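Quick note: numbers below take in every heavy atom, side chains included, and nothing from hydrogens, waters or symmetry partners. The shown structure was predicted, so the numbers you read here are calculated from the model rather than taken from an experiment.
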Amino acid sequence: MLRSPFFYFIILLFLFSCQEKKTINPNIKPLQKEALRIRNQGIENYDKQNFNTAFYNFNKSKQLYETLKDSANIGYLLIQMANIQQVNGDYYGSKETVTEALLYVEKNSIYTAIINNILGIADKELSLYDDAIIYYKKSADDYVDPIEKQIPLSNIAAMYIQQKKYDDAIIILESLLNNKKIQKRTPEYTKASFLDNLGYAYFKKGVEEKGLNLMNEGLQIRNRIKDTYGSIESYLHLADYYAKIDIQKSDENALTAYNIATKLNSVDERLEALQILISNNHSAQYTKYVRKYFTLNDSIIKVRNNFKNKFAKIKYDSKKEKDENEKLRLEKAENLLSLQKAKYMRIVFVIVFIFLVILIAILIRYYKNKNKAIEFKSSYDTETRIAKKIHDELANDVFQVIAFAESQPLAVENTKENLLQKLDDIYGRVRGISKENNKVEVGTGFIKSIKEMLSAYNTNERNIMSTNLESVNWETIDEIKKITIGRVLQELMVNMKKHSKASLVIIKFESDPKSIFINYTDNGIGCEKATIAKNGLQNMESRIETVKGTIEFDTEPDKGFKAKIVIPK
């Protein structure tokens, strides 16, 4: 697997930015001072590669900055936490963490560039190469300095090589190497990486001699500047080059890469070297290499799973501690109030009891009638909306097609093609209306159907991200509530597409023993709260009310749109 050295360049970039933020204002408030102190502890532990402790420090500092509502520091700390997760192989966890950071940083800034590059690296390691390229391109667009743009551009070239799009990779790498203004400022280890990857692309394309010369040139630079880690990639590429023409040279290069990777404790590169040695399969060493490979692979899986569990536990313990502190504060306040209320309770108890009995009887009767009315209104609104859409979007077109067919000679080829095109357009609209109102899968395929519905609104300009959908035990949720959730999410997507102009949508699912929580957030243009009913969102409230749930909207012009949905289990 190709591994980009720019991943480690980003880490250095973070650390450099951290050093600039260490200045402490002597008049800083106690809470701000404590948040900064813990954050700087995290930076020190990160420098020492004490990743567990650094992650704990960053998470603790983030909580304090959340109290202070300091968005800049919250975003920065989330990026650092995602970076640690990625270094330790927790790519899904890093995506979730860094996606949260997008809500706190400025759009089209160096931070969004770094975030998109981290998302690209995560998708690359998960073999989602097309998605990785999308994120790398966004990262390149957000960088201003041409030197910084080299990071995601070279990563795109690496993805093209993985996809066997060698010509596309060659175009990018040669443009970087041929730009003399940029090359004057480019570090030699970066230039060596470009040469090595360019040579590897030429070799894979079949231009073997040119490819070998470029790979050797890259290796010479790396050896000269003592870029030991970078040389591993060169030796692996050369081992691949010689695999079909000179097994002995292939083994020599693979063993050199393996020994350097072992010395630097670089596990992934050791596994790549062993794969080449195993695939050569020509000597008594075969069994030994296979045994080493499986032992090493099992070990790294255990280590990375251990890191994932530790990161999840740190987040969980931190949230639990925060919730417990809030609970203690509330309990203390409640105890004070209870002393004052006790003397009044005895007096009003009998009156309240009688009143409640009467009230409960009235409410039971009222809500039975109200729920029937809400269910009827929700069905009526849906039918009305579908009827209006059919009338507005289809009726006139169908009439025009009939008139066209009656007035034009269908034997003429162009007329026939025009008629077929009009019919195809009408068919497409009918499918769209059907898709918006089709049956919601409520069985074992519920999660898949929700994901497919949300992904249908994904475009190159818009990211739809859902988290923790699988964490809810949907098998225990009744069908009516699943249908309601599916319809409400679909109506949120339709509203977002029509009105929001959002580039990022995040839908987060959570649950406790009593309720399901769905938090919707987008970074669109928002609206006045008074116009929510006009945007078609009133129908969502009716649906939620039928299952005794609640929905709250939070929006202002140019400040995005949020919806918080709570549905009892």
Side-chain angles (χ1 to χ4, degrees), residues 4 6-7 9-18 20-21 62 65 69-83 86 94-124 128 130-157 159 172 175-176 179 181-182 185 457-465 467 496-497 499-508 520-527 554-562:
S4 171
F6 296 106
F7 176 76
F9 176 79
I10 290 171
I11 296 175
L12 294 175
L13 185 65
F14 276 142
L15 297 178
F16 177 76
S17 66
C18 292
E20 292 181 337
K21 296 185 179 183
K62 178 181 80 77
Y65 280 120
K69 297 182 179 180
D70 187 338
S71 296
N73 270 300
I74 295 170
Y76 166 77
L77 289 163
L78 285 166
I79 292 171
Q80 291 290 66
M81 290 164 66
N83 203 33
Q86 199 162 89
S94 72
K95 287 183 70 174
E96 183 176 346
T97 302
V98 84
T99 299
E100 185 181 351
L102 279 171
L103 300 174
Y104 295 98
V105 301
E106 292 183 12
K107 293 181 181 179
N108 308 117
S109 65
I110 189 171
Y111 282 106
T112 57
I114 293 169
I115 287 171
N116 281 316
N117 200 64
I118 291 175
L119 286 167
I121 292 170
D123 280 342
K124 178 199 74 171
L128 302 172
D130 289 332
D131 291 342
I133 289 171
I134 290 172
Y135 285 122
Y136 287 144
K137 286 181 178 178
K138 289 181 179 180
S139 178
D141 290 340
D142 287 342
Y143 277 122
V144 177
D145 191 333
I147 294 295
E148 292 172 341
K149 283 182 182 288
Q150 290 182 115
I151 301 170
L153 289 174
S154 64
N155 288 340
I156 292 171
M159 289 302 91
I172 292 174
S175 68
L176 293 173
N179 192 323
K181 290 183 179 179
I182 296 178
R185 298 167 54 204
Y457 293 88
N458 245 329
T459 67
N460 285 337
E461 294 75 32
R462 184 193 308 121
N463 276 342
I464 311 294
M465 296 187 175
T467 60
M496 174 275 299
K497 183 179 178 181
H499 305 291
S500 173
K501 298 182 182 179
S503 62
L504 175 66
V505 178
I506 298 173
I507 303 172
K508 188 172 184 180
Y520 170 97
T521 304
D522 71 40
N523 63 351
I525 60 174
C527 65
D554 183 10
T555 181
E556 292 182 35
D558 299 321
K559 291 189 178 180
F561 182 87
K562 295 181 180 180

When you compare the side chain of [Y] with that of [X], does any pair of heavy atoms fall below 4.5 Å?
X: Asn460; Y: Lys137; answer: no
X: His499; Y: Phe561; answer: no
X: Ile464; Y: Met496; answer: yes
X: Lys138; Y: Ile134; answer: yes
X: Tyr104; Y: Asp70; answer: no
X: Glu100; Y: Lys62; answer: yes
X: Asn155; Y: Ile151; answer: yes

Can a donor-acceptor pair be found, under 3.5 Å and without considering hydrogens, that links the side chain of [X] to the backbone of [Y]?
X: Lys508; Y: Thr467; value: no
X: Lys562; Y: Thr521; value: no
X: Thr555; Y: Cys527; value: yes

Working to the nearest 0.5 Å, report the span between [atom1] of [X] and [atom2] of [Y].
X: Asn179; Y: Arg185; atom1: CG; atom2: CZ; answer: 10.0 Å
X: Asp130; Y: Ile133; atom1: CG; atom2: CD1; answer: 6.0 Å
X: Lys181; Y: Ile147; atom1: NZ; atom2: CD1; answer: 12.5 Å
X: Leu78; Y: Tyr111; atom1: CG; atom2: OH; answer: 12.0 Å
X: Asn83; Y: Ser94; atom1: CG; atom2: OG; answer: 9.0 Å
X: Ile115; Y: Ile110; atom1: CD1; atom2: CD1; answer: 11.5 Å

Closest non-hydrogen atom pair between [X] and [Y], with its separation:
X: Gln150; Y: Leu176; answer: CG-CD2, 3.9 Å
X: Tyr136; Y: Pro152; answer: O-CB, 3.3 Å
X: Tyr135; Y: Met465; answer: OH-CE, 2.9 Å
X: Ile172; Y: Leu153; answer: CG2-O, 3.5 Å
X: Asp142; Y: Ala113; answer: CB-CB, 3.6 Å
X: Ala132; Y: Lys124; answer: CB-N, 3.8 Å

**Prompt:** Does Asp131 pair with Lys95 as a salt bridge, N-O distance under 4.0 Å?
**Reply:**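 Here Asp131 does not pair with Lys95 in a salt bridge, since their nearest N and O are not under 4.0 Å apart.
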**Within 6.0 Å of NZ in Lys497, more than 12 heavy atoms from elsewhere** =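 It does not: Lys497 NZ has 12 such atoms or fewer within range.
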**Asked** Any luck finding a side-chain donor-acceptor pair between Asp522 and Tyr520 under 3.5 Å?
**Response**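 Yes - a donor-acceptor pair under 3.5 Å links their side chains.
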**Request:** Have a look at Ile118 and tell me which of Asp123, Thr97, Thr99, Ile79 forms a side-chain contact (heavy atoms from CB on, under 4.5 Å) with it.
**Result:**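 Of all the options given, the one that passes is Ile79.
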